[in-house]
Structures are given as structure tokens and as C-alpha cells.
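Here is how names work: the chains are called A, B, and so on, in the same order as the sequence lines, proteins then strands, and each is numbered from 1. No experiment lies behind these values; they were computed from the predicted model shown.
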Protein chains: 2
Amino acid sequence: MVNRFDPASAPSALSAADRRLLDRRRAVLGDIYPLFYDKPVHVVRGSGARLWDAEGNEYLDAYNNVPAVGHANPRVAEAVRRQLTQVNTHTRYLNESVVAYAERFLATHPAGLDRVVFTNSGSEANDLAVSIAQWRTGAQGVVVTRNAYHGTTRLLSGLSPENGPRMPLHPWVRVVDAPDTFRHGPRAGTVFAESVRAAAEDLRRHGLGFAALLVDTILSTDGIFPGEPGLLAEAFRATREEGGLVVADEVQPGLGRLGGTMWGFQRHSDGIDMATCGKPLAGGLPIGTLVLPEELSDGYAQEHRYFNTFGGNPASIAAATAVLDEIEDRNLLDNARRTGAQLLGRLTEIAAASPITADVRGAGLFIGVEMAATDGADGGRWARRMVGALRDRRVLISAVGHAGQVLKIRPPLVFDADDADEFTDVYAEVLAEVQNQGDTP
Amino acid sequence: MVNRFDPASAPSALSAADRRLLDRRRAVLGDIYPLFYDKPVHVVRGSGARLWDAEGNEYLDAYNNVPAVGHANPRVAEAVRRQLTQVNTHTRYLNESVVAYAERFLATHPAGLDRVVFTNSGSEANDLAVSIAQWRTGAQGVVVTRNAYHGTTRLLSGLSPENGPRMPLHPWVRVVDAPDTFRHGPRAGTVFAESVRAAAEDLRRHGLGFAALLVDTILSTDGIFPGEPGLLAEAFRATREEGGLVVADEVQPGLGRLGGTMWGFQRHSDGIDMATCGKPLAGGLPIGTLVLPEELSDGYAQEHRYFNTFGGNPASIAAATAVLDEIEDRNLLDNARRTGAQLLGRLTEIAAASPITADVRGAGLFIGVEMAATDGADGGRWARRMVGALRDRRVLISAVGHAGQVLKIRPPLVFDADDADEFTDVYAEVLAEVQNQGDTP
């Protein structure tokens, strides 16, 4: 985690009350719960793309995708309240709202993806998707990208090289370079497809067979590579030709974030077999989804038992329904496209005069700014300083990539033109400051 | 699933509106989503231990543990609404409520279990617990009971023999008989401990080592075996002597259900290493917990990365806090003890005159009634008929056990003396009817 708070570092930057809370937190949650930023943010209130801390300071949130329709969205709150005052039980009773939401949700996917399974997280959804792919193909092998992250379960830890070398990959996992448009240029999609074919061949050579390509359709943790529309189409096709299934991990790119299309894979090709989502679906209430063809879903169900107690609970479904309502009524896909283009344009202008910026890329409201390795510091060090300096100006972002060298700008979908102006104004000032300070860590 | 609805069976028992909903449901959710009962229940409203269907019929809920503090609990609804109108973000910002809840929650556990990790389900919690046990011991082997169920992830599917032979167990899993007090009598605890020792030895003999005993502390899916307090103490001790960790799966028995103690393991011994929970914690909002010693939690965190986006989200925490408030303010542990004793006493009386009832056992509001194998039908067949006949009288229960032969009576914790009277009155009538009809399937 690039911008991890170091508990040994100067907590004196925090208020006395926050220091006490930090101590209490550590005593019950412990080291497994790192905080963001050198100076952690104590969040008490939110609205739209704004957050406020315990001292009343306002922050511009250019990072969080879970509150896709804005922090503390009143429509989400009211929908959940109403449902909780009626009933909130599981899917082994008949219930209208989960069916109605499933119908609407599936209608946002291409024809053929006609069944949905509800879980409580993207992790639970990816875990099931991999199991179904392995069952369907009778093969074990799964291909992921070099810095991929797909979730927290044991199955997915072994499919998530981003976790680092201490968390081993499964023997049946093969890792390939992401389609890095910055380094590979226009051949990135072809190189990626060739890598998938080679990995499939290697898996077969080891007697493991090829079950699936599991891929985040904007390569978030690899460094954010939207590419031109179609970038991933060749790899999807190669996967299927090699006998594998394509699983599109839409946890980060999905639900309209990329602008224009609802799902990241749709920018490239409809030729996928399963799509998963989670984070942005329900205003922070836990939910995950796996969308797949009837043939896969019902076939799997004939030989396996799957029940998820909370999956599809009416409260999470009420929240998810309100989120879809907001996306439609407020034209948030269109906003993602327009505001994203505004941000991308301005950040590209700013980068042109910046010796420490190597590349600016994005689709909709998901933008990556690759910091340059210079004589003085590598890209990761510049990125850490940018993230910290922006936080000091109360603008929240993070960083990703194999060296943490790519600024990750992924605001709520309600981020509007004024927010974008404010963001780029502060960004330009902070970039100038960081550059001028030079390499003084 | 004992009381699974067969879509090929007479849906004419349903209203025209429910038949339409059933068709719509099947078209989007499919076979992976079975319904309870020969005649599924279309739930639209709940309150306390009551549910109502779309036609206004009232049901007595003697099955659901997720709504521990009652269906549609207004305190839970209001707590969630309030939180959702403030902010609902993740644990990488400082937040007071998750710390305060963690403190209260840990205080319900014995000393030494002083860290909590929040997940979105019991499955995610068990998945992490097994990973931590294997990391800590450097061994792979895990022992579970013969009809155990521990969750939905791939890791846990392979630890859940209840799923049936088509879902294979991991090679490093050993299965032992549950401490079946009905069949093994007073030696059940000793026999169980000896089986755990033998399994540990076998795991070592195979070079796998012994990492953990993972056990539901009332053996819910094995057939509900509360036993005398202390029943599991010997197996806990044996596990530790053999170098393994004891993981208490409290998803079903936990949070005061067994009366008197908050957690099922406490009836037997505090000598455990980790405890997990999920279902009853937050009024149906997804949540899971793993409680463990600082040494395990912080040690694991030093070598592994774990982050759960929704785990510990303030909305689920607000619901969980309201649930704890209700349990304390309404003395629901005491209610579980008293009402449970009333139910158990009356069901035992009824059983004395019943040739198709073999055993009645329970702790607090978790009661199992083992149906007898008779000349005409096995226990599973009697149990299925009891569950269906009770549903026709609008009383909801289910059945468990290796042959589905044990009636599972596990009502919300707010189930009171009047509910218990109503339940046992209907139960006595239904039992007499089913007996009198004889074996006419």
C-alpha cells in the first residue's frame, strides 16, 4: 500500500482526540488494519464528492468508488431504511425486489449473460467464478496479470500477485504482463493476447489445462491501462480459442465508471463468459455479483450446492436499486464521460510541462498519471509525495502500479465539472511544489 | 436441502401472482437458487418472530437466526438510516464507531481473544481463520466433523462434507464423527477427542501436519448436539496438545442463542484460539467476524496483506451495535435460556408419547428433535413430513443431520413464552396428524 500510515511516524500531526482514537483502534483492530496517508483522515460525514473530518475540515474525494452515487446519498439511505422496516431475509423465500433488481441489472449486460448470483463482495463473486470456470473446463490453469489483485479469499490470494512474494500463487496460476500501452505502445493488445496463448500452452504442458483468463478490464492495480476501445478483444478471443473462459473483473471499472458503457469489458468486446462486480453497487452496503450464461449457472447448480446467507438480502438489494435509479436519473454515465474527458484533458496539459510526469491515461472517471523515473527519484517516490501533498491540501487520491508509480484518480461518479476544476487547480499547484522541492525525501 | 422446493412439482398450490414471480425468478436467478418448502413462502413483512406473506397470512418463525433481535427491528433500521445519512466508507480512514463496536464485541469474549477482523460473511471469516491457522502452525491438515458446513468459498467448500460427494474435500482434510450424544451417550466427548487425536496422527503420517480443528460448537449440520456443558472441552485440549489450533465456528450457535453464555464454546471451555461469527450479528446486513489473539493477528499481518473493502463498513457496524443494544437491554440471553427451557421441556413431554420421535435435545433457543427410523419410514422421511406439515400450519422450521432426520428449531432470540406455547401446541397437533397418517408419502 503506497500511502500506508506508519504508526511509528509522527502521530503528533494528529489532534489529541485522534491520537487517542488511534490507540484504541490499534488495541482492538491491530496491524491487520493499516490506515491511508502519513496523516490519517478521521472521516465523520460525507456528501456528494465531499468528506469532512472530525474537526470540520472539508476534503475533495477523488479516490472512492464505493460511494458511486455520492457519499451519504439520501435516496440510498431512505431505500434501505424502508426495506429494514419491512423485512430483511434470505433468498430461500420468494421476494419481489431481488427478482426486479436482477432483471434490471442483467439488462445492463449483453445478451447471453442472463443469470446473476448475489454474494457479499467482489471476492466472493470472483471465488465462485473461478470455481465455475474450473468445473466447466475440467482444467485448473488460470492466467492473471503481473500485478493483479482479485480478492481476499484464499483462492483469490493465490491469484493476486499484487499481494507480494510472501503470499504464494497457486501452482496452476500463470502471470503475464498487463497490456501496458505506455511501454508497449499500439501493439500492447496483441502482445497481451500472445502472452495469454503462451501461458495457456505452458499450463497444458504442465498437465494443468487452461480454465480461464481472469482480468480487471482497466488493469487497475497493474497501473490503469484503458487503452483504445478494443484493447482486450484480441486476448478475449485468444482465451476462448485456447479453450478457456474469460472472466471480466468489473469491481473497479464497472457500473458506468468508464463513461459511455456500463461495463469495462464492453469498451473492448462482448466476448466474455462471466463478469463480476462488487464495490460500487450499493452505496457501501456489502454486495457482490457474478453474471453468467444460464448454461454455466444451471449446469454448475446441478452438481454443486451454493447458498449465500446474506447474498441478495433485501437491504443490500434496496441500496443497489437506489444506486441504479440515481445512475439513470442523473445521467451519471454521461457525467463520467464528460467530466472524465475534462479531467483527462487538463491533466494532460499540466503533464506537458512536468518533467516528473511520464504519461496521463484514462477512460471516464478512472485516470492514471504515471510519474517518471528521474535522475533523483523513481516514479514511485514521486507518486508517494504527490499523494501525501494532495492529502495535505485535502484532496484524496492514491497510487497503484508495480512500483506504486501511477497516481490513481477514481472519484465518485457524481464528481462534476466544478469538482474537476478544483481538483486540477490544486493538482497543478501541488505538482509544481513537489517538482520544485526536488528529491528531498 | 431437506425441504427444497421442486419446481417440477405442483406450483398450482401457489397463487397466480406467486407463480408469475416464480417464473421471473427462475429466468434471472435460475437453479442455483432453490426455495424452501413444497409450497414456497413469499415473504413481504416481518415483526419480532412473525412473518407475513403477500396474501396477508401470518407465520410463526421458529427457524431464522439472522433476525436475532426480531424481524424489521426498528432500532436496527434507525441506526442504519442515521449512519447512511452521515457517511459509509471503509476502514482505511479513522472512524469512531467501528472501534467502539470492536471494543464492546471483544468484551463479550474471554481474555486473550483481543483482536477482531471484520468481514462480510461467516464464510469470509472462516476462510481467513483457516489461512491463519495454517500459516501459524506451518501445517496443512484440518479436522472437521462428518456432516460439517463451514461456508461458500472454495477453501471452505473443501472443508464442508455436508455439500455431498460431488464437492470434493481437500486432500489435507480429515473427517471425524461429531460427538453424537444420542448414539454415543456420555462417552461422546471422549470419543470425539480420541477421533481428533487419531486424525491428527494420520495427517502427520501423510506429511501434512495438523493445523486446526474447525468445529461448529453446537454441531448444527451434524444434527445439533449441545451435550452437557464441557462436551467439547476434551477435544479442544486434545487439539492443542497435538499442536493444532481450535477454531470455534459460532455462526449458528453464537451471539447468545444457547442462553447463559454469549458464545457456544463458552459452554464447554475457553480453551480455543479463534472464533468466527456472521449470520446473527447485524439484522441481516452482511457482516462476519474473526476474533483471535493479538499474537496471531499481528503476526499474520506482518507477512500477509489483508484488506476487506466492506468489512467494518459503518452501516453494518451501526446495525451490529443496535443488535448488541437490543440483546443487552431486552435481556435476550436470559430469554433464550428461559424460553428455550420451556420449549425443550414441552417438546420432551410431547416426544414421550410419540413412536416416531427418537430424541429431543437443545441449549437455549437451538433445539433438535431427532425423528425415529420406524418400520415404515426412516427419520429423514418423517422429518420432511413434519417440516412440510408445520409450514402448512404457517410455522417455519427446517431439518438437518446426515439423513435430514433432525428437526431444526432455531427461532429469533425474541421468541417469547407465548410464541413457545403457540409453537408447541401446533407442533403437538401436527405430530399427531403425521403419526396417524402413517407412512403414506
Completion exercise
Cut-off 4.5 Å, heavy atoms of chain B, and the answer for A:Thr119 is neither
Completion exercise
Between B:Thr91 and A:Arg25, the two heavy atoms sitting closest are O-NH2, 2.6 Å
Problem - Contact summary for A:Ala77 and B:Thr85, nearest pair of heavy atoms - result: CB-CG2, 3.7 Å
Fill in the blank from the handout: For B:Tyr37, the side-chain hydrogen bond (donor to acceptor under 3.5 Å, both in side chains) test, sequence neighbours excluded, returns none
Problem - For chain B, the option from A:Gly278, A:Ser160, A:Ser131, A:Ala315 that forms the most heavy-atom pairs under 4.5 Å - result: A:Ser131
Completion exercise
Heavy-atom closest pair (A:His71 atom, B:Val87 atom, distance to 0.1 Å) is ND1-CG2, 4.2 Å
Exercise for the section: Go through the atoms of A:His304 and report whether side chain, backbone, both or neither lie under 4.5 Å from a heavy atom of chain B. Expected result: both
Handout entry: Positions in residues 101-109 of chain B that reach chain A, provided some heavy atom is under 4.5 Å away
Key = B:Ala102, B:Glu103, B:Leu106
Problem - Options B:Ala27, B:Gly299, B:Gly312, B:Ser157, ranked by heavy-atom pairs under 4.5 Å with chain A, top entry - result: B:Ala27
Problem - Toward chain B, the part of A:Asn95 with a non-hydrogen atom under 4.5 Å - result: both
Fill in the blank from the handout: Honestly, the part of A:Val116 sitting under 4.5 Å from a heavy atom of chain B is both
Exercise for the section: Select one option (side chain, backbone, both, neither) describing which atoms of A:Ser316 are under 4.5 Å from chain B's heavy atoms. Expected result: side chain
Problem - Which portion of A:Thr89 sits near chain B, non-hydrogen atoms under 4.5 angstrom - result: side chain
Practice task
Answer yes or no on whether B:Arg92 is positioned over the face of A:Phe5, meaning its NZ or CZ is under 6.0 Å from the six-membered ring centre and within 45° of the axis.
Solution key: no
Completion exercise
Nearest heavy-atom contact between A:Arg305 and B:Glu162 is NH2-OE1, 3.1 Å
Handout entry: Audit row: B:His90, A:Tyr33, ring pair (Phe, Tyr, Trp, His ring centres under 6.0 Å) steps and yes/no
Key = CA-CA 11 Å; B:His90 52 74; A:Tyr33 278 92; over 10 Å; no
Handout entry: Part of A:Arg20 lying under 4.5 Å from any heavy atom of chain B
Key = neither
Practice task
Tell me, for A:Ala319 versus chain B, whether the close heavy atoms (under 4.5 Å) come from the side chain, the backbone, both or neither.
Solution key: neither
Fill in the blank from the handout: So, the part of A:Val41 with a heavy atom under 4.5 Å from chain B: the answer is both
Fill in the blank from the handout: Cut-off 4.5 Å, heavy atoms of chain B, and the answer for A:Leu51 is side chain
Problem - Check: A:Tyr306/B:Asn163 side-chain N/O donor and acceptor closer than 3.5 Å - result: no
Exercise for the section: Return the option, out of A:Ala72, A:Ala54, A:Ala301, with the maximum number of heavy-atom pairs under 4.5 Å with chain B. Expected result: A:Ala72
Handout entry: Exercise: identify the closest heavy-atom pair between A:Thr152 and B:Phe307
Key = CG2-O, 2.8 Å
Problem - A:Gln302 portion near chain B, given a 4.5 angstrom heavy-atom threshold - result: both
Problem - Proximal to chain A - members of residues 285-294 of chain B, heavy-atom separation under 4.5 Å - result: B:Leu285, B:Pro286, B:Ile287
Fill in the blank from the handout: Cut-off 4.5 Å, heavy atoms of chain B, and the answer for A:Asn120 is both
Problem - Stepwise side-chain hydrogen bond (donor to acceptor under 3.5 Å, both in side chains) test for B:Ser121 and A:Glu124 - result: CA-CA 10 Å; B:Ser121 60; A:Glu124 287 186 348; 2.6 Å; yes
Problem - Whether A:Asp298 side chain and B:Gly30 backbone form a donor-acceptor pair below 3.5 Å - result: no
Handout entry: Pair B:Arg81 + A:Glu78, salt bridge at N-O below 4.0 Å
Key = no
Practice task
Mind running side-chain contact (heavy atoms from CB on, under 4.5 Å) on B:Leu155 and A:Leu155 for me, showing each step along the way?
Solution key: CA-CA 7 Å; B:Leu155 185 70; A:Leu155 184 71; over 6 Å; no
Handout entry: chain B contact via A:Pro67 - which portion, at a heavy-atom distance below 4.5 Å
Key = neither
Completion exercise
In short, salt bridge (charged side-chain N to carboxylate O under 4.0 Å, His left out) pairs touching residues 150-159 of chain B with sequence neighbours left out are none
Handout entry: Which portion of A:Asp18 sits near chain B, non-hydrogen atoms under 4.5 angstrom
Key = both
Practice task
For A:Asp114 and B:Val28, indicate whether the former's side chain and the latter's backbone hold a donor-acceptor pair under 3.5 Å.
Solution key: no
